[in-house]
Amino acid sequence: MPIRVFNTLGRRYEPFEPIQPGLVKMYVCGPTVQDVAHLGHARTYIAFDAIIRFLEYRGYRVFYVRNITDVGHLREETGEDRIIEGAGREKLQPMELVDKYMFAFFKDMEALGIRRPNIQPRASMHILDMIEFIKGLIEKGHAYVVDGNVYFDVSTFPDYGKLSGVKYEELIKHRIEPDPRKRNPADFALWKKAEKGYLLKWNSPWGEGFPGWHIECCVMAIKYLGEQIDIHGGGQDLILPHHENEIAQAEAYTGKKPFARYWLHTGYLTINGEKMSKSLGNFISIRDALKKYEADVLRLFILSAHYRSQIDYNEQSLSQAEENLRRIRDTLNQLYELVDEAEERGEVPGEIGEARKAFIRAMEDDFNTPGALAEIYRLTRSANSYIQSSSKHSKTALKAYYGAILELSQSIGLLQNYKPAKMKYPADAAKVLNILLEIREELRKRRLYELSDSIRDKLSEIGIIIEDTNKGPRVKFRK
RNA sequence: GCCCGGGUGGCCGAGCGGCUAGGCGGCGGGCUGCAGACCCGCUUCACAGGGGUUCAAAUCCCCUCCCGGGCUCCA
């Protein structure tokens with residue numbers, strides 16, 4: 001079965017066929033490193049991480065580029081560069097600020113277990129490429145120079161609006177008074193003139209200035225991936241104008257359509273039903289979220305909804321993810337423990353193959369992670385059932401369950417660092433614990449439950465959970 | 001105003017013409033001295049409302065209501 005994806009360009013499902021068989025060229029818009037990364041970034045990058053990992057699991061080689069925006073991204077209300085704004089706020093040089101938050105971003109991505117892109121190009125290191133690109137657009141008649149500024153002439157690109165579905169007549173209506181030097185209100189800046197004393201500026205054929213935000217992704221994508229790429233992704237909020245403008249620039253420049261075959265966009269993340277924003281005071285950074293929930297919990301929460309739908313970050317949903325993760329891990333731990341005492345027999349339960357197939361089918365259908373997770377839960381229940389039903393387990397079956405649950409989880413980036421839970425105390429402590437457990441069993445036989453329960457409670461306080469089963473006590477370790 | 005998405009059982013969340021999604025929570029049962037874990041069953045065949053198409057609609061069409069988002073700040 002081929003993979004099918006929902007392409008924002010055309011708003012329909014399409015079979016996924018990369019330009020070069022077996023190789024996926026993928027670009028995802030990275031952050032503007034003006035401040036710490038937030039849960040919205042986590043949502044988008046985790047969703048794409050799962051997509052990339054699954055593509056790799058299916059045998060594709062994925063060449064992945066995600067940029068760092070460190071120049072040119074203006075805030076429309078004030079017209080101020082976001083980096084300069086942040087630098088002012090923190091009393092740093094602009095490039096000091098960029099360093100600080102770029103490395104913080106890398107750290108957050110690593111903490112979330114997100115695969116590193118093959119290249120993470122910075123906009124400020126590609127100014128010359130952008131200047132060349134803009135020169136090309138002017139030569140081809142798609143851009144014009146006014147007073148040290150260069151604008152893209154939207155009227156020369158009839159496809160403008162094809163991604164967002166916004167009609168041309170709508171685009172030229174305006175809430176904010178357009179720059180009167182533009183020929184058309186929908187025209188956007190490729191290069192902007194810098195005022196005196198402005199720190200982030202470069203020399204160009206049009207005078208000192210800096211690039212517009214939209215040109216960077218386009219230039220860097222083409223530089224590292226080629227004139228036509230397979231997947232271009234980002235948050236839904238980037239569809240207009242950012243991605244619309246990228247298409248216009250790239251296709252006008254190269255003359256090749258489409259710039260990207262598949263445009264994938266992630267849905268928003270809200271906090272307790274509200275949009276996350278600084279002004280609402282409900283802004284949650286990745287690092288703060290990680291203090292409360294481990295990376296796998298956040299990932300499981302995010303993958304519990306489809307990447308295109310909106311998800312809400314709230315306590316209930318997160319504790320649900322915690323509970324589900326706990327259950328998967330407990331099952332894996334138990335499977336692992338039982339292998340030693342199991343018999344050398346050869347049968348693999350049929351459900352395992354079925355679940356794997358269903359998992360892959362779900363993921364192949366526009367990366368339906370909730371459907372895929374349902375198969376992991378199914379396997380978990382089936383494994384527990386097997387553990388419970390049979391007194392003599394087969395090594396092959398236990399290993400097959402263990403391997404399949406881990407394999408499928410890891411194919412979407414879950415449980416990357418999973419290790420069977422072990423006691424974190426020295427070997428002697430294990431012996432002491434066993435003596436304690438023997439005594440407790442003796443107490444239970446003599447019906448001295450008050451004492452035996454007290455042992456259980458106290459062990460529980462230090463992270464050693466005793467569960468009495470018909471096969472004797474079972475020990476679990478918690479952090 | 002215009003343009004995109006949505007509204008599914010107590011909650012989260014798939015499905016998008018016929019075939020049990022799944023999970024959380026709750027209840028009952030099994031196992032248990034108890035607790036927990038786990039398994040089984042139940043949680044009235046739930047699909048915003050109203051029309052229509054169809055042998056058949058949560059799924060397609062029309063209208064209405066409600067929610068989220070975008071319309072040059074945003075992942």
Side-chain angles (χ1 to χ4, degrees), chain A residues 8 11 28-32 34 37-48 73-78 80 82 85 161 164-167 169-171 173-176 178 185-189 213-214 233-242 244-245 265-270 273-278 300-301 304-306 308-312 314 316-324 326-327 330-331 334 358 362 365 368-378 380-389 444 447 449-450 452-453 456-457 460 465-471 474 476:
Chain A
T8 306
R11 293 184 198 279
V28 172
C29 289
T32 301
Q34 54 182 329
H38 54 69
L39 283 174
H41 296 110
R43 197 274 159 97
T44 293
Y45 301 131
I46 285 174
F48 282 114
H73 193 176
L74 301 186
R75 194 177 284 285
E76 197 61 30
E77 311 92 280
T78 57
E80 201 175 358
R82 303 164 83 88
E85 187 187 82
S164 58
V166 178
K167 293 187 192 77
E169 304 82 68
E170 287 301 324
L171 283 163
K173 285 185 194 165
H174 264 260
R175 292 197 307 187
I176 297 170
D187 290 353
F188 55 92
W213 173 40
H214 315 295
Q236 255 166 22
D237 46 348
L238 296 181
I239 295 172
L240 186 73
H242 190 56
E244 198 73 76
N245 291 355
H265 291 98
T266 52
Y268 289 91
L269 178 135
T270 55
E274 282 183 314
K275 186 182 175 175
M276 176 168 60
S277 77
K278 282 188 174 165
L300 186 59
F301 157 68
S304 293
H306 186 264
R308 276 189 288 114
S309 52
Q310 188 173 300
I311 51 170
D312 188 57
N314 59 68
Q316 208 190 349
S317 295
L318 268 293
S319 49
Q320 194 175 315
E322 267 180 329
E323 177 60 19
N324 281 324
R326 201 222 82 238
R327 222 176 78 236
D330 271 1
T331 302
Q334 207 172 347
D365 188 11
N368 184 348
T369 51
L373 287 172
E375 295 308 320
I376 292 179
Y377 298 137
R378 182 160 81 134
T380 305
R381 193 175 343 99
S382 164
N384 283 326
S385 189
Y386 176 71
I387 287 167
Q388 197 167 56
S389 64
R444 291 180 68 215
R447 297 182 180 277
Y449 293 123
E450 207 175 308
S452 71
D453 286 356
R456 185 172 63 194
D457 292 346
S460 158
I465 315 291
I466 308 299
E467 288 171 4
D468 294 311
T469 72
N470 54 1
K471 292 167 193 162
R474 192 177 155 238
K476 285 183 182 174

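Numbered from 1 within each chain, the chains take letters A, B, ... in sequence-line order. Side chains included, hydrogens not; waters and symmetry mates left out as well; all remaining heavy atoms used. Bear in mind the structure is a predicted one, so any value in this text is a computation, not a measurement.
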Could you tell me whether His306(A) contacts a base, only the sugar-phosphate backbone, or nothing, with contacts defined as non-hydrogen atoms closer than 4.0 Å?
sugar-phosphate
Does C42(B) have a Watson-Crick or wobble mate here (both distances under 3.5 Å), and if so which one?
G26(B)
Pairwise P distance, C39(B) and A75(B) [rounded to whole Å]
42 Å
Quick one: label Gln310(A) by what it contacts on the DNA or RNA (base, sugar-phosphate, nothing), any heavy atom closer than 4.0 Å.
sugar-phosphate
At less than 3.5 Å, do the side-chain atoms of Arg444(A) and the base atoms of G33(B) form a donor-acceptor pair?
yes
For a quick check of understanding: with a heavy-atom distance under 4.0 Å over all strands, which category does Gly235(A) fall into, base, sugar-phosphate or nothing?
sugar-phosphate
Any Lys/Arg nitrogen of Asp453(A) or Arg456(A) sitting under 4.0 Å from an Asp/Glu carboxylate oxygen of the other?
yes
Categorize Ile376(A) for me: base, sugar-phosphate, or nothing, with a 4.0 angstrom heavy-atom threshold over every strand shown.
nothing
Base, sugar-phosphate alone, or nothing: which one does Ser389(A) contact when heavy atoms must sit under 4.0 Å apart?
nothing
From the list C39(B), A75(B), G15(B), which nucleotide is the closest neighbour of the side chain of Asn368(A)?
G15(B)
At under 4.0 Å between heavy atoms, what does Asn384(A) touch on the DNA or RNA strands: base, sugar-phosphate, or nothing?
sugar-phosphate
Which atom pairs link the protein and nucleotides 23-28 of chain B when you take only N or O atoms and keep those under 3.5 Å?
| from | atom 1 | to | atom 2 | distance (Å) |
| --- | --- | --- | --- | --- |
| G23(B) | OP1 | Arg381(A) | NE | 3.4 |
| G23(B) | OP1 | Arg381(A) | NH2 | 2.7 |
| G23(B) | O3' | Asn324(A) | OD1 | 3.0 |
| G23(B) | O3' | Arg327(A) | NH1 | 3.2 |
| G23(B) | O2' | Asn324(A) | OD1 | 2.8 |
| G23(B) | O2' | Asn324(A) | ND2 | 2.5 |
| G23(B) | N2 | Gln320(A) | OE1 | 3.0 |
| G23(B) | N2 | Gln320(A) | NE2 | 3.3 |
| G23(B) | N3 | Gln320(A) | NE2 | 3.1 |
| C24(B) | OP1 | Arg327(A) | NH1 | 2.6 |

Could you check whether Ile466(A) gets within reach of a base, just the sugar-phosphate, or nothing at all, counting any heavy atom under 4.0 Å?
base
If you go through the side-chain atoms of Asp453(A), does one of them form a donor-acceptor pair with the base of G33(B) closer than 3.5 Å?
yes
